[in-house]
Amino acid sequence: MTTILVTGGTGTLGRLVTERLRADGHEVRVLSRHAQPYAVDLVRGGSGLDAAVAGVDVIVHCATSPRGDDDKAAANVIAAARRAGVAHLVYISIVGVDVVPLGYYRTKYAVEKLVEESGLGWTILRTTQFHDLVVQLLQALAKPPVMLLPAGVRDQPIEVAEVAGRLAELAVGAPAGRVADMGGPEVRTFPELARAYLKATGKRRPPVNVRLAGGAYRALREGGHLTPGRAVGKGTFEAYLAARFGGGR
């Protein structure tokens, strides 16, 4: 049995990683801002983080924030892991963080570099976007009477439970460095994704493609966030929508 700390262990991904590891018989500690007994703000760090890490064999670092301070949080996790002699740090990242110039992606890429240079045994897995994140975007785009879509942009959504399973496998293995990317089963255009979402939710919105500007949009149009050669996911976007919305019925 391995003792494993999952940061962000109450989040969309971390919760499933925790469940999988516990089902496999491992002792799992859940760290998040509000989950006792390991309620820790990773950006602040401190003695609570040291207590959470003490005696841990592996850390699976799932915690993330849109505020742009993931690098500060990761630096604190790494420092605590060094002090505790943790053998293995597993980090979940995103396909395209090195080529798509979005602020959040740049921070994730900076964390990758911190992990690689940490002196710890490490594993990094990059995946494409989770189904639920794509739905969040489509929900926002569907609020106006017309659904404005980024012209020429595709996506490759993946089932979060499959990513959780892969992270659990990596956590109990030896440090493997940067492992093969993990992408959803299909590369889809945004109009295709939007039509599937509208059908599943029973909404009526005319989709309109809109050309945008900037380096990030150009990188997305060029598919920097896609990994068609690693379309290893099984769960389709339509299957996710059916499970979540029941086909709009």
Fill in the blank from the handout: When every non-hydrogen atom of R154 is compared with those of T189, the smallest separation belongs to CG-CA, 4.0 Å
Practice task
Mind listing the closest non-hydrogen atom pair of H88 and P175 along with its distance?
Solution key: NE2-CA, 3.5 Å
Handout entry: Exceeds 12 heavy-atom contacts within 6.0 angstrom, atom NZ of K234
Key = no
Practice task
Would you kindly confirm whether L241 and L193 end up in one hydrophobic cluster when ILVMFWY residues are joined by side chain heavy atoms under 4.5 Å apart?
Solution key: yes
Handout entry: T227 backbone acceptor or donor facing Q156 side chain under 3.5 Å
Key = yes
Exercise for the section: Walk me through it: do Y240 and D132 pass the test side chain to side chain contact (heavy atoms under 4.5 Å, CB included)? Expected result: CA-CA 8 Å; Y240 172 83; D132 69 303; 3.1 Å; yes
Handout entry: Cluster link V95 to V111, ILVMFWY, side chain under 4.5 Å
Key = no
Completion exercise
Rounded to the nearest 0.5 Å, the CG atom of L198 sits from the NZ atom of K203 at a distance of 8.0 Å
Practice task
Mind checking the SG-OH spacing from C62 to Y91? Nearest 0.5 Å is all I need.
Solution key: 10.0 Å
Exercise for the section: Verify, without hydrogens or angle tests, whether D71 (side chain) and T107 (backbone) share a donor-acceptor contact under 3.5 angstrom. Expected result: no
Handout entry: Single-linkage hydrophobic cluster F237~L141, side-chain heavy atoms < 4.5 angstrom
Key = yes
Exercise for the section: Would you please name every residue forming a side-chain contact (heavy atoms from CB on, under 4.5 Å) with R178, sequence neighbours left out? Expected result: W122, I124, R126, D181
Exercise for the section: Sequence neighbours left out, what passes side-chain contact (heavy atoms from CB on, under 4.5 Å) with P150? Give chain and number order. Expected result: V153, F190, L212, Y217
Problem - L149 with L133, same ILVMFWY side-chain cluster at under 4.5 Å - result: no
Exercise for the section: Give the ring-plane orientation class for Y197 versus F245, where under 30° counts as parallel, over 60° as perpendicular and anything between as tilted. Expected result: perpendicular
Exercise for the section: Assess whether atom CZ of R244 is packed by more than 12 heavy atoms of other residues, nucleotides or ligands within 6.0 Å. Expected result: yes
Problem - Set of side-chain contact (heavy atoms from CB on, under 4.5 Å) partners for T3, sequence neighbours left out - result: E27, R29, V56, D57
Problem - Side-chain hydrophobic cluster, 4.5 Å single linkage: members besides L13 - result: I4, V6, L16, V17, L21, V28, V58, V60, V90, I92, L125, F130, I158, V160, V163, L167, L170, V172, V179, M182, V232
Completion exercise
OG (S93) and OH (Y105) are apart, to the nearest 0.5 Å, by 9.0 Å
Problem - Side chain to side chain, R211 and R221, heavy atoms closer than 4.5 Å - result: yes
Problem - Test item: E162 and R166 side chains (from C-beta on) under 4.5 Å apart, heavy atoms - result: no
Practice task
List in chain and number order the residues that pass side-chain hydrogen bond (donor to acceptor under 3.5 Å, both in side chains) with H225, two or more places apart in sequence or in another chain; answer none if no residue qualifies.
Solution key: none
Problem - Any donor-acceptor pair under 3.5 Å from D41 side chain to R33 backbone - result: no
Exercise for the section: Answer yes or no: is there an ion pair linking E192 with R195, defined by an N-O contact shorter than 4.0 Å? Expected result: no
Exercise for the section: Check whether any side-chain heavy atom of K72 lies under 4.5 Å from a side-chain heavy atom of R67, and answer yes or no. Expected result: no
Problem - Side chain to side chain, K143 and Q139, heavy atoms closer than 4.5 Å - result: no
Problem - Shortest non-hydrogen contact between L42 and N76, atoms and distance - result: O-ND2, 2.8 Å
Exercise for the section: Indicate yes or no: at least one non-hydrogen side-chain atom of T128 is less than 4.5 angstrom from one of P157. Expected result: no
Under 3.5 Å donor-acceptor pairs involving side-chain atoms of residues 78-86, not counting sequence neighbours:
residue : atom : partner : partner atom : Å
R82     : NE   : S118    : O            : 2.8
R82     : NH2  : S118    : O            : 3.1
R83     : NE   : D50     : OD1          : 3.1
R83     : NH2  : D50     : OD1          : 2.8

Handout entry: Expected output: side-chain T7 to main-chain L31 donor-acceptor under 3.5 Å
Key = no
